[in-house]
Participant: 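Below you will find the structure I want to go over with you.
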2 protein chains.
Amino acid sequence: LKVAVDAMGGDYAPAEIIKGVLEAASSIQGEILVIGRRDDIEKHLPSTTHNITVIPAAEVIEMHDAPVEAVLRKKDSSLLKAVYMVRDGTADAIVTAGNTGAAAAACHIILRCLPGINRPAIATTFPSKKGRFVVLDSGATPDADVRNLLEFAVMGSAYAETVLGKKNPRVGLLNIGEEASKGNMLTKEAHKLLSRTLPNFGGNVEGKDIFEGDFDVVVCDGFVGNVVLKTSQGCAEWIKELIRNAFPRNPVLKLIAYRIMKPGLSRLMKEVH
Amino acid sequence: LKVAVDAMGGDYAPAEIIKGVLEAASSIQGEILVIGRRDDIEKHLPSTTHNITVIPAAEVIEMHDAPVEAVLRKKDSSLLKAVYMVRDGTADAIVTAGNTGAAAAACHIILRCLPGINRPAIATTFPSKKGRFVVLDSGATPDADVRNLLEFAVMGSAYAETVLGKKNPRVGLLNIGEEASKGNMLTKEAHKLLSRTLPNFGGNVEGKDIFEGDFDVVVCDGFVGNVVLKTSQGCAEWIKELIRNAFPRNPVLKLIAYRIMKPGLSRLMKEVH
């Protein structure tokens with residue numbers, strides 16, 4: 001297995017990316033192709049690494065770059081080189097922490113979708129009371145149509161089965177009511193189509209119920225999915241901050257409470273991630 | 001002030017509704033008109049109440065009733081009677097915990113919108129690091145257009161100013177990126193319109209940032225707003241459950257931790273509501 005890693009993408013690139021590469025390199029069997037500015041990369045790499053190869057790329061797609069424009073213009077960027085390596089068979093997969101829109105656009109333009117799939121989706125896994133589930137699309141296709149939602153359901157089912165290990169995964173349509181009649185124009189139509197065509201469709205699921213874990217795949221358009229992802233993050237981060245502030249000011253009491261609560265709260269912090 | 005209360009609407013109606021009416025009656029100066037099945041209501045009311053009047057209504061709009069159909073057919077329902085009383089000037093405001101769609105439809109059909117407003121919005125207040133803010137629409141208009149979003153922004157500003165006491169409230173457009181170029185077709189257009197026409201428009205706000213409290217009004221369509229509301233609820237409820245489970249099993253340690261943490265955690269539970 002050869003994995004192409006975009007070393008220049010992400011808020012703390014390349015330093016944090018290389019840290020991840022080194023951690024992965026010691027535990028996987030394949031080869032890691034680290035793509036980006038050679039000097040920037042090599043100063044973070046130890047001199048001997050048996051399964052890491054640096055592939056030079058002069059340009060960088062920045063977080064604020066317009067996706068499609070960046071893909072068309074920055075041909076010598078680390079992201080594009082990584083995608084071309086997959087197209088040419090030099091690499092089997094891409095990892096990037098960079099500009100999401102550009103990554104989705106590059107893959108879509110250069111690699112195309114699988115037969116039968118018209119638009120890409122970003123799959124994000126969420127924690128729940130009963131293990132992880134996957135939400136898609138969480139940002140690649142903000143204006144999805146009914147057919148796209150069906151494709152997301154099919155792709156999400158494959159992901160839940162192979163990556164999350166769920167046998168016969170249950171698909172839910174994210175909606176604003178459980179009844180088939182509820183929703184906006186898109187979800188009302190999607191409910192009909194999914195009911196008719198998807199054997200593992202379990203009906204509508206509301207935002208308050210996704211964390212129950214009764215659905216393995218939650219399907220929505222990329223705008224809604226992104227809002228769900230970021231709202232959950234914001235809500236969880238804020239509550240974690242409140243938990244830290246819930247400890248008493250008195251240092252002795254604080255220490256006692258901290259000692260007693262530590263295992264439980266570490267578990268919580270880990271679970272809500 | 002005369003407030004018409006739909007005694008039959010809501011999961012625990014009329015018992016819980018009457019409890020609320022009694023609590024309110026002792027602290028407000030106006031009169032409360034309690035509307036619904038007289039027998040069901042009176043068995044929960046004490047014999048003497050100086051500012052509560054029971055208005056009989058034979059029918060009940062149930063939670064599963066289709067909104068518009070219910071409004072057109074159940075003319076003698078507690079909800080419709082309440083709305084008609086406002087139209088006729090017999091009451092000044094309505095309170096209902098019943099079928100949201102029916103309530104929105106009834107008000108829209110019977111009372112109409114204010115001049116210049118085309119669609120109703122449900123305003124929901126959320127907690128944040130810096131006090132409460134209002135999200136609208138959170139469910140009345142799932143397929144809102146650009147103009148509706150502008151109207152929601154204007155109504156939300158009025159709400160934030162008068163109800164939340166925010167001077168010159170800051171309006172944010174809920175979106176999937178901070179830049180003006182981000183979003184779906186609706187929010188891209190809405191960003192242009194709001195920038196041009198709304199003096200107190202503060203730009204896009206992402207789901208993860210709404211709990212920072214930098215925006216007093218968060219505008220979105222009714223589908224997205226409802227998803228935000230319910231996802232936050234689900235996320236917060238789950239984390240609260242995890243906090244309860246974070247206490248150690250050992251009963252002595254549990255008691256000590258509970259005693260020490262109680263003030264802080266009660267504050268947390270209250271704040272995240």
Side-chain angles (χ1 to χ4, degrees), chain A residues 64 66 101 127-129 139 142-143 174-177 179 181-187 206-212 220-224 226-243 245-248 250 253-254 256-257 260-261 263-268 271-272, chain B residues 64 66 101 127-129 139 142-143 174-177 179 181-187 206-212 220-224 226-243 245-248 250 253-254 256-257 260-261 263-268 271-272:
Chain A
H64 59 258
S128 85
K129 295 181 186 174
D143 290 292
L174 187 64
N175 210 336
I176 59 175
E179 304 85 349
S181 62
K182 292 284 173 77
N184 55 11
M185 288 184 292
L186 176 68
T187 57
E206 292 194 74
K208 69 179 160 51
D209 296 324
I210 56 176
F211 300 102
E212 297 295 325
C220 53
D221 70 52
F223 186 90
V224 169
N226 197 275
V227 167
V228 166
L229 170 63
K230 289 182 180 163
T231 302
S232 311
Q233 277 177 347
C235 183
E237 287 307 321
W238 178 47
I239 298 178
K240 284 182 186 178
E241 192 182 313
L242 287 176
I243 293 175
N245 295 337
F247 283 89
N250 179 309
L253 290 180
K254 188 172 181 168
I256 297 170
I260 300 175
M261 297 295 291
L265 288 183
S266 314
R267 216 164 49 228
L268 182 155
E271 209 159 335
V272 184
Chain B
H64 58 258
S128 85
K129 295 182 186 174
D143 290 294
L174 187 64
N175 210 337
I176 59 175
E179 304 86 348
S181 62
K182 292 285 174 72
N184 56 10
M185 288 184 292
L186 176 67
T187 57
E206 291 193 75
K208 70 180 159 51
D209 295 324
I210 57 176
F211 300 102
E212 298 294 326
C220 53
D221 70 51
F223 186 90
V224 169
N226 197 274
V227 167
V228 166
L229 171 63
K230 288 180 181 162
T231 303
S232 311
Q233 276 177 346
C235 182
E237 287 308 321
W238 178 47
I239 298 178
K240 284 182 186 179
E241 193 181 311
L242 289 176
I243 294 175
N245 295 339
F247 283 89
N250 179 311
L253 290 180
K254 187 173 183 167
I256 295 170
I260 299 176
M261 297 295 291
L265 289 182
S266 314
R267 215 165 48 228
L268 183 155
E271 208 160 334
V272 185

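Chain letters run A, B, ... following the sequence lines, proteins first and then strands; every chain starts at 1.
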Participant: Could you look at A/Glu241 and say if it's the side chain, the backbone, both or neither that has a heavy atom under 4.5 Å from chain B?
Facilitator: side chain

Participant: Is the shortest heavy-atom distance from the side chain of A/Phe211 to the side chain of B/Thr231 under 4.5 Å?
Facilitator: yes

Participant: Can you tell me which of B/Asn250, B/Asn175, B/Asp209 forms the most heavy-atom pairs within a distance under 4.5 Å of chain A?
Facilitator: B/Asn175

Participant: So which part of A/Asn245 gets closer than 4.5 Å to some heavy atom of chain B, the side chain, the backbone, both or neither?
Facilitator: backbone

Participant: Looking at every heavy atom in both A/Ile260 and B/Ala257, which two are closest together, and how far apart are they?
Facilitator: CG2-CB, 3.7 Å

Participant: So for A/Ser181, is it side chain, backbone, both, or neither that comes closer than 4.5 Å to the heavy atoms of chain B?
Facilitator: neither

Participant: Please say which of B/Val228, B/Val224, B/Ile176 ends up in a side chain to side chain contact (heavy atoms under 4.5 Å, CB included) with A/Val224.
Facilitator: B/Val224

Participant: For B/Thr187, is it the side chain, the backbone, both, or neither that has a heavy atom closer than 4.5 Å to a heavy atom of chain A?
Facilitator: side chain

Participant: Does the side chain of A/Cys235 come within less than 4.5 Å of B/Lys208's, by heavy atoms?
Facilitator: no

Participant: Quick one: pull up CD1 in A/Ile256 and CD1 in B/Ile256 and give me the separation to the nearest 0.5 Å.
Facilitator: 7.5 Å

Participant: If we define contacts as heavy-atom pairs under 4.5 Å, which of A/Ala246, A/Pro142, A/Ala66 has the most with chain B?
Facilitator: A/Ala246

Participant: Step through the shown structure and confirm whether more than 12 heavy atoms of other residues, nucleotides or ligands are within 6.0 Å of NZ on B/Lys254.
Facilitator: no

Participant: So what's closer than 4.5 Å to chain A heavy atoms on B/Leu229: side chain, backbone, both or neither?
Facilitator: neither

Participant: Hey, does B/Pro127 have a side-chain heavy atom less than 4.5 Å from the side chain of A/Trp238?
Facilitator: yes

Participant: What residue in A/Leu253, A/Val227, A/Asp143, A/Leu242 has the most heavy-atom pairs under 4.5 Å with chain B?
Facilitator: A/Asp143

Participant: Given side chains that start at C-beta, do those of A/Pro248 and B/Met261 come closer than 4.5 Å, heavy atoms only?
Facilitator: yes

Participant: A/Phe223 versus B/Leu186: any side-chain heavy-atom pair under 4.5 Å?
Facilitator: no

